[in-house]
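Report on the following structure.
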Amino acid sequence: MNIFEKLDYTILNYKINLSGAVIGCALLALVSHQTKAQTAGLTMPAGFKAEIIAENTGRPRHITVTKKGDIYVKLFRKVDDKGILMLQDKDGDGKYESRTSFGNYIGTGIYLKDSYLYASSDEGVFRYKLDANEHVINPDKPDTLVKGLVSRRQHETKSLVLDNDGNMYVNIGAPSNSCQVNDRQPGSPGQVNCPILETAGGIWQFKIDKMNQSYAEGVRYATGLRNVVGLDWNKQNNALFVMQHGRDQLTMFPEYYDVKQSAELPAECMYMIKQGDNAGWPYSYYDPFQKKNILAPEYGGDGKKEADSKFINPVAAFPAHMAPNGLLFYTGNMFPERYKNGAFVAFHGSWNRAPEPQKGFLVAFIPFKDGKPSGEWETFADGFSGSPEKTASGRADHKPCGLAMGPDGALYVTDDSKGAIYKISYNK
Amino acid sequence: MKRISLTLLIISVFISVIAQTKKPVAKKPASKANAASAAVSPAVMERGKVVYNTYCVACHQPDGGGVPSMNAPIVKTPHVLGAKPALIDIILKGMQGVDILGESYSNVMPAHNFLTNQQIADVLTYVRNNFGNKASGVTAAEVAAVRNKK
């Protein structure tokens, strides 16, 4: 090979490499562009795609989907003076362009079962009879099932779920952080025999066919739960599961907790609830590092002293303050087998980690076997916030809240910040 | 004893009356910018930041934007930029259930009356001159006047 031949060969080689690289880059760009369009900006495991099926719906909280794919969402703030939105995709193009609304009250909880739609205000629960198409027959005249529940601004929302035996489970959040004499005031002690627990800080059970129930007619099914937003009924072991919003601001006791510890404690806990259970609030919190229920500083704790052993342990622990607002056991057939009967959890995202970076704004998954978690939790869908910087600052574009499963097994996620509704599907 | 405390009360009332009547007179000649910068020294801002990061940042957040529907923002709101006695009163007594710029907030702000007058003055001066806010500083005497008003 003479020198010219060699030079020529090198140039040729370089050209080939270069053109290969250009084509490669273009392909990569095309693929990533396609992927982004197919995931609505979310990152998910391979094979999943996401689309935004409705936008600017207000502030949708919990969501339920009918057998024919129509959607009901409960609104956190009224839109056109109404608090329940029904969305339909009448032309079948995948976008839910048809909107009707009813219900003259704000709230979070909504649930559909056996020809009735159940929806909560911040004080009670209403029931609407559905027709054969699962459309509300008389939107202006719901039955009042429950009324007069505690609603004092903080943790005011009432989530609900039904079992298969004619009972309904309603969260009544504690209007307090940790039952201090002076709520959220540094150093203020906890109230003795926390009186809040008499009417809040737990799950109450009511009948689904009895009108005008309140505390006298209901049963305090479980106590010691500060505030539950996400909850679901596990049909495999016939048990209630709840996600608690753990307490804030351990830094109010700087002698025991520094800023970082306060950001990382306590875990956001998933509990399996049996009647009569006590999860410990306000007397204790769950420390995921020591893996123990720890005595709260308002009640003499120092970050190490263990709490009373009568308090139940969580079945799963997630990072602190991520605000679990939705819980759904996946019973569909669209997703791969490992998701079957597992739990999806929508994390609204934290604020109480400041000045440490915020966390959350994602949908997590935890596999289940026989009604118990069978592995570690994992991030399922992330990217709702828009960027890692927006996650860290807490100024997220979208905040996941409610979860529901469609008739085809697709997963629906509401965003109560910008009002987007996502549909997540799986294609092999 | 009674007589001493009565005398003290009279003196303190007298002082606060002087302070209150004197304030607007002293301020009038100075331009707005001067009045603000006069009280807003880097040292005050630094002390205010320490108080903010200890007692306020958890709820009001590092950017002062608060948390939607939960914790009030303190960026260019009428409460922060408005009359100082009302603002001082919020620190001393706390606040809940007050709509701000048409939005409601669920969490309670506890009374921070355990802070010293100087700490309150420093943190309010810091807040009124941070997060895009620009307003006159707050003095410990102004905090004392509100605290002692009861």
Side-chain angles (χ1 to χ4, degrees), chain A residues 59 61 76-78 106 108 122 151-157 173-178 180-188 227 245 247-252 254 257-259 262-263 321 323 325 348-358 389-390 392-396 399 401 416-418, chain B residues 45-46 48-77 89-116 119-120 122-123 126-127 130-132 147:
Chain A
R59 301 187 62 189
R61 298 282 283 180
F76 194 58
R77 295 284 185 265
K78 284 192 235 179
I106 59 167
T108 286
D122 289 343
S151 173
R152 292 201 288 267
R153 302 195 75 94
Q154 208 177 155
H155 305 146
E156 74 283 21
T157 63
S176 170
N177 175 37
S178 53
Q180 288 169 290
V181 171
N182 295 314
D183 191 20
R184 296 181 189 266
Q185 190 175 70
S188 177
N227 185 35
H245 279 221
R247 56 152 310 149
D248 300 326
Q249 288 170 278
L250 283 165
T251 39
M252 291 186 297
Y257 305 92
D258 62 25
V259 167
S262 182
H321 310 301
N325 275 7
H348 199 236
S350 70
W351 61 268
N352 198 242
R353 298 175 80 95
E356 294 289 304
Q358 304 294 352
E389 294 74 27
K390 287 178 180 180
S393 69
R395 303 298 174 212
K399 295 184 175 184
C401 184
D416 74 356
S417 182
K418 289 242 169 39
Chain B
M45 288 294 278
E46 203 45 51
K49 188 178 178 180
V50 170
V51 177
Y52 186 83
N53 285 340
T54 307
Y55 299 103
C56 318
V57 73
C59 294
H60 293 295
Q61 302 290 297
D63 63 3
V67 181
S69 310
M70 298 185 78
N71 303 326
I74 49 174
V75 179
K76 296 179 183 169
T77 67
D89 216 42
I90 292 171
I91 304 290
L92 291 171
K93 292 183 185 148
M95 188 164 108
Q96 190 183 24
V98 177
D99 287 4
I100 294 161
L101 300 170
E103 292 291 328
S104 65
Y105 297 89
S106 60
N107 274 354
V108 59
M109 169 161 164
H112 281 66
N113 50 1
F114 55 88
L115 296 176
T116 66
Q119 282 177 308
I120 293 174
D122 291 345
V123 77
Y126 173 76
V127 165
N130 200 8
F131 316 123
R147 200 196 286 266

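What you see below is based on every heavy atom in this structure, not just the backbone, and it leaves out hydrogens, waters and symmetry mates. Residue numbers begin at 1 in each chain, while the letters A, B, ... track the order of the sequences.
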Using non-hydrogen atoms and a 4.5 Å limit, figure out which bit of A:Arg353 sits close to chain B: side chain, backbone, both or neither. neither
Would the distance check show the side chain of A:Gln185 and the main-chain N or O of B:Ala111 forming a donor-acceptor pair, the cut-off being under 3.5 Å? yes
Answer yes or no: are there more than 12 heavy-atom neighbours, outside A:Lys418 itself, under 6.0 Å from its atom NZ? yes
Rounding to 0.5 Å, atoms CG (A:Asp183) and CG (B:Asn107) come to a distance of 8.0 Å
Quick one: CD1 on A:Ile106 to OG on B:Ser104, what's the gap to the nearest 0.5 Å? 7.0 Å
Looking at side-chain heavy atoms only, is the closest gap between [X] and [Y] below 4.5 Å?
X        : Y        : answer
B:Tyr105 : A:Arg153 : no
B:Ser69  : A:Arg59  : yes
A:Lys399 : B:Pro68  : yes

Please name the pair of heavy atoms, one in A:Arg184 and one in B:Val108, separated by the smallest distance, quoted to 0.1 Å. CD-O, 3.9 Å
Name every donor-acceptor pair, under 3.5 Å, that has one atom in a side chain of residues 51-66 of chain B and the other anywhere in the protein, sequence neighbours excluded.
unit_1  : atom_1 : unit_2   : atom_2 : d
B:Tyr52 : OH     : B:Gln61  : O      : 2.7
B:Thr54 : OG1    : B:Val50  : O      : 2.7
B:His60 : ND1    : B:Ala72  : O      : 2.8
B:Gln61 : OE1    : A:Gln358 : NE2    : 3.1
B:Gln61 : NE2    : A:Trp351 : O      : 3.0
B:Gln61 : NE2    : B:Ala58  : O      : 2.9
B:Asp63 : OD1    : A:Arg395 : NH2    : 2.7
B:Asp63 : OD1    : B:Gly65  : N      : 2.9
B:Asp63 : OD2    : A:Arg395 : NE     : 2.8
B:Asp63 : OD2    : A:Arg395 : NH2    : 3.4

Applying a strict 4.5 Å limit to non-hydrogen atoms, the region of B:Met70 in contact with chain A is side chain
